[in-house]
Asks: 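I'd like to ask some things about the structure below.
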Amino acid sequence: MGIEKIFKDEAMEEKGERARMASFIGAMAIADLLKTTLGPKGMDKILQSTGRGRNVTVTNDGATILKSLHIDNPAAKVLVDISKVQDDEVGDGTTSVVVLAGELLREAEKLINAKIHPMTIISGYRMSAECARDALLKKVVDNKENSEKFKADLMNIAMTTLSSKILSQDKEHFAKLTVDAVLRLKGSTNLEAIQIIKKPGGSLKDSFLDEGFILDKKIGVGQPKRIENAKILVANTAMDTDKVKIYGARVRADSMSKVAQIESAEKEKMKEKVQKIIGHGINCFVNRQLIYNFPEELFADAGILAIEHADFDGIERLALVTGGEIASTFDNPESVKLGHCKLIEEIMIGEDKLIHFSGVEMGQACTIVLRGASFHVLDEAERSLHDALCVLSQTVNDSRVLFGGGWPEMVMAKDVDELARRTPGKKSHAIEAFSRALLAIPTTIADNAGLDSAELISQLRAEHHKEQTNAGIDVITGMVGDMEKLGISEAFKVKQAVLLSATEAAEMILRVDEIITCAPRKREDRM
C-alpha cells in the first residue's frame, strides 16, 4: 500500500539529490548572470519592466540588477538577499559577494558528487573563512594617524570603486567630490546630509559639489530674492483656508452678504495665523503644503521669503541641515526651534532656477549636483556615487585598507591552501575547494577584460609565493601589476563583508535536502 499523501494535490516536493541540484543550479545561474558585470571592464545590463511606461534601467550594480528580477528558485533568492544586505551594510561588493557564493557552491557540487557529506564541506568552509580573514588582517594598512596618507587612501578607494561604474572616465573628478563630501561628515555614516540632485543637460564632467543645501523650488512673485543671515521656520501646516471651500462643506446662508462674512472670517483666521508665524521673528518660511495667494501676499509685505510645497525629503533634510525643527503649531514661539543660515539666494543650474542655502548651521551638509546626457545616465551615476559614498563613510570609521585588483583574493587563497595541506581527513578537500573558489574573482576580472585568465592567475600565484608582494591584475595593460604604484585600494570592511556573507549563504544552501512548494490557493466558486 502506498504512503498516505500529506500535502495537497498541487504541492510539490523535491528530495535529496534533486533538491540539492535545483538549489545549486539556481544559485550558479544567478552568479553567472552577474559575473560579466564584475571589475573595471564589466559590462552593463538593461532591465526593462513590463509595467506601465516600460521603464528601462541601465546598470551594472549587482544589487540593483537582482532587486529588479523576479526569481522563482528559492536558493537564488538567498543570493539576492545577501546582495541586498551587502548594499545596505557597506554599499559596494554587491556583485563580488554573489559571484563568490556561486563559486563556493560550484566547488561544493563537485565534492558532493565525490560523495563527501555536506556537513564535512561546511566545516571545511568555516575553517577556510576564518583562515582567509586572518590572512587579510595580517596585511591591512591603517593610516588613520596620518591625515595626508589617509586622504590619499580614501581617494584611491573612491577611484577603485568608481572604476567599475559609468563614472570611470571622470573617476578622479568624482572621487574628489565623494571624498570631500564624506570628510565633511566628520565620521558620521548618516548620508542624509549629502543630497544628490540630478539635472539633465551638460556632461558628467559638469557635476559639482556645493557647500550648503539646494532646494528644487522657485522663489515666489514679489518676494525678496536674496536674504542674508536668514532665520528659517520649517513647517508642515495648511495655509490654504482663506477661501470657503464649497466642496464637502454645507453652509446654509440666506444672502450673499452672509457668505461674504464667512469669507472675511476665514480671512481673519488666516491673517492671525500669518501674524503668529511672522511673530517668530523669521525672514524665511518653508512650508510642505500649499500657500495660497493671500497669505503669500502677507508674507511678501512683511519681507519674508515664503516657499511652498517643498517635498517631504526636502523639508526633513532642510530642518536637519539648518538645525531647525519642523513645526505645525505656532502659538508659543519660544518652543519652536528655528533654523539658521548665512545666505539664501536663487541660482540657475542648466535651465532651472533653484534656491540655494549657504553657510548652514550643520557644516556637514552639502549637495552634489549631477549633470548628464539623459535620465538613465543620471540614475546610474547616482547609484555609483551612492556606492562610493557608502564605502567611504564606512572607511572613515574603520580605516583599514587593502590593495585591490584580485590581490586580497590571492593572499587569502595562498593561506587557505596552506591550511588544506595541514588539515587531515576529508575536510582538506573542502578547504582546497574554498581556495579555488576565491581565485574565481581575479579570474572573472581578467575574463571580463578579455585577457587570458589562466596565464595571468598562474603568474599571480607565482608572484604571491614570494615574500611581501603587491601583485594584482592590471586590467589596463593586461599584465600583472604593482597595486601600490597603480593606487588600487579597497576597504577592508567591504572585503570582510563579502567573504563572510558569501560563506554563510553558501553554507545555508548546502544544508538543504528538500524543497517543498505550497499548493497555490484556489479561487472559490462564488456561484
Side-chain angles (χ1 to χ4, degrees), residues 28-49 55-71 76 79-103 157-171 173-175 178 196 198 203-204 207 370 372-392 404-406 409 440-451 453 473 475-476 488 490-491 494-495 497-498 501-502:
M28 291 185 313
I30 288 286
D32 288 343
L33 173 81
L34 284 194
K35 235 184 201 173
T36 53
T37 67
L38 189 69
K41 298 270 173 119
M43 305 304 266
D44 290 9
K45 308 261 180 259
I46 289 189
L47 310 167
Q48 186 175 17
S49 76
N55 292 335
V56 172
T57 314
V58 185
T59 179
N60 72 356
D61 176 44
T64 311
I65 295 173
L66 291 184
K67 259 186 237 159
S68 320
L69 298 180
H70 291 286
I71 294 169
L79 292 193
V80 175
D81 279 350
I82 57 168
S83 164
K84 271 189 200 154
V85 169
Q86 180 80 9
D87 197 31
D88 299 340
E89 185 63 29
V90 284
D92 196 26
T94 47
T95 310
S96 319
V97 72
V98 176
V99 171
L100 183 55
E103 283 306 315
I157 289 178
M159 285 184 354
T160 309
T161 304
L162 292 172
S163 63
S164 61
K165 310 263 192 289
I166 192 171
L167 304 175
S168 58
Q169 303 310 314
D170 313 313
K171 64 183 174 193
H173 177 62
F174 282 102
T178 46
I196 297 180
K198 301 178 290 197
S203 70
L204 284 168
S207 307
L370 285 180
S374 74
F375 277 115
H376 299 145
V377 175
L378 286 173
D379 288 344
E380 177 62 0
E382 183 185 20
R383 278 190 289 271
S384 316
L385 271 189
H386 180 258
D387 280 8
L389 289 171
C390 282
V391 175
L392 290 176
E409 283 79 18
I441 289 191
T443 310
T444 311
I445 292 178
D447 281 343
N448 286 346
L451 307 172
S453 58
I473 296 176
V475 193
I476 310 302
I488 297 177
E490 293 192 56
V494 174
K495 277 292 164 217
V498 166
S501 312

Asks: So, using salt bridge (charged side-chain N to carboxylate O under 4.0 Å, His left out) as the criterion, who are the partners of E382 when residues are at least two apart?
Replies: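 E382 satisfies salt bridge (charged side-chain N to carboxylate O under 4.0 Å, His left out) with K198 once adjacent residues are dropped.
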Asks: Please name all residues satisfying side-chain contact (heavy atoms from CB on, under 4.5 Å) with S203, sequence neighbours left out, ordered by chain then number.
Replies: K205, D206
Asks: Out of the candidates D447, T443, T444, only one should pair with S453 under the side-chain hydrogen bond (donor to acceptor under 3.5 Å, both in side chains) rule; please name it.
Replies: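 One option only clears the test, and that one is D447.
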Asks: List in chain and number order the residues that pass side-chain hydrogen bond (donor to acceptor under 3.5 Å, both in side chains) with T64, two or more places apart in sequence or in another chain; answer none if no residue qualifies.
Replies: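 If we apply the side-chain hydrogen bond (donor to acceptor under 3.5 Å, both in side chains) test to T64, skipping adjacent residues, the hits are D61.
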Asks: Sub-3.5 Å donor-acceptor pair from the side chain of Q48 to the main-chain atoms of N55, do we have one?
Replies: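 Flag not set: sc Q48 to bb N55 has no pair under 3.5 Å.
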Asks: Do D379 and T57 have side-chain heavy atoms sitting under 4.5 Å apart?
Replies: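 Side-chain contact under 4.5 Å: no.
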Asks: I want to check something: taking the side chain as every heavy atom from C-beta on, are S384 and T161 in contact at a cut-off of under 4.5 Å?
Replies: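 The answer is no; the side chains never approach within 4.5 Å.
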Asks: For a side-chain contact (heavy atoms from CB on, under 4.5 Å) check, start with the C-alpha distance between V80 and L69, then their side-chain angles and the critical distance, and finish with the verdict.
Replies: CA-CA 9 Å; V80 175; L69 298 180; over 6 Å; no
Asks: Less than 4.5 Å apart, side chain to side chain, heavy atoms only: is that true for D387 and R383?
Replies: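 No, every pair of side-chain atoms sits at 4.5 Å or beyond.
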Asks: Counting distance only, does the side-chain N/O of H173 pair as donor-acceptor with the main-chain N or O of L204 below 3.5 Å?
Replies: no
Asks: Just so I know, are the side chains of S96 and V99 near enough to count as touching, which here means a heavy-atom distance under 4.5 Å?
Replies: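 Heavy-atom side-chain distance check fails, nothing below 4.5 Å.
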Asks: How would you list, by chain and number, every residue that makes a side-chain contact (heavy atoms from CB on, under 4.5 Å) with A491, sequence neighbours excluded?
Replies: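 A491: side-chain contact (heavy atoms from CB on, under 4.5 Å) contacts with I157, V391, T395, V494.
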Asks: Residues two or more places apart in sequence or in another chain: which of them pass side-chain hydrogen bond (donor to acceptor under 3.5 Å, both in side chains) with K35?
Replies: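 K35: side-chain hydrogen bond (donor to acceptor under 3.5 Å, both in side chains) contacts with E103.
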Asks: Between T178 (side chain only) and A175 (backbone N and O only), is there a donor and an acceptor less than 3.5 Å apart?
Replies: yes
Asks: Is there side-chain contact between I71 and L79, with at least one heavy-atom pair below 4.5 Å?
Replies: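 No; the side chains remain at least 4.5 Å from each other.
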Asks: Could you tell me whether a side-chain N or O of N448 sits under 3.5 Å from a main-chain N or O of L38, the two making a donor and an acceptor?
Replies: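 Indeed, once roles are kept as given, a pair shorter than 3.5 Å links the two residues.
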Asks: After noting the C-alpha distance and the side-chain angles of V58 and I166, does the key distance pass the side-chain contact (heavy atoms from CB on, under 4.5 Å) rule?
Replies: CA-CA 10 Å; V58 185; I166 192 171; over 6 Å; no
Asks: For N60, give me all partners under side-chain contact (heavy atoms from CB on, under 4.5 Å), at least two apart in sequence or on another chain.
Replies: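 T37, D44, K165, E380.
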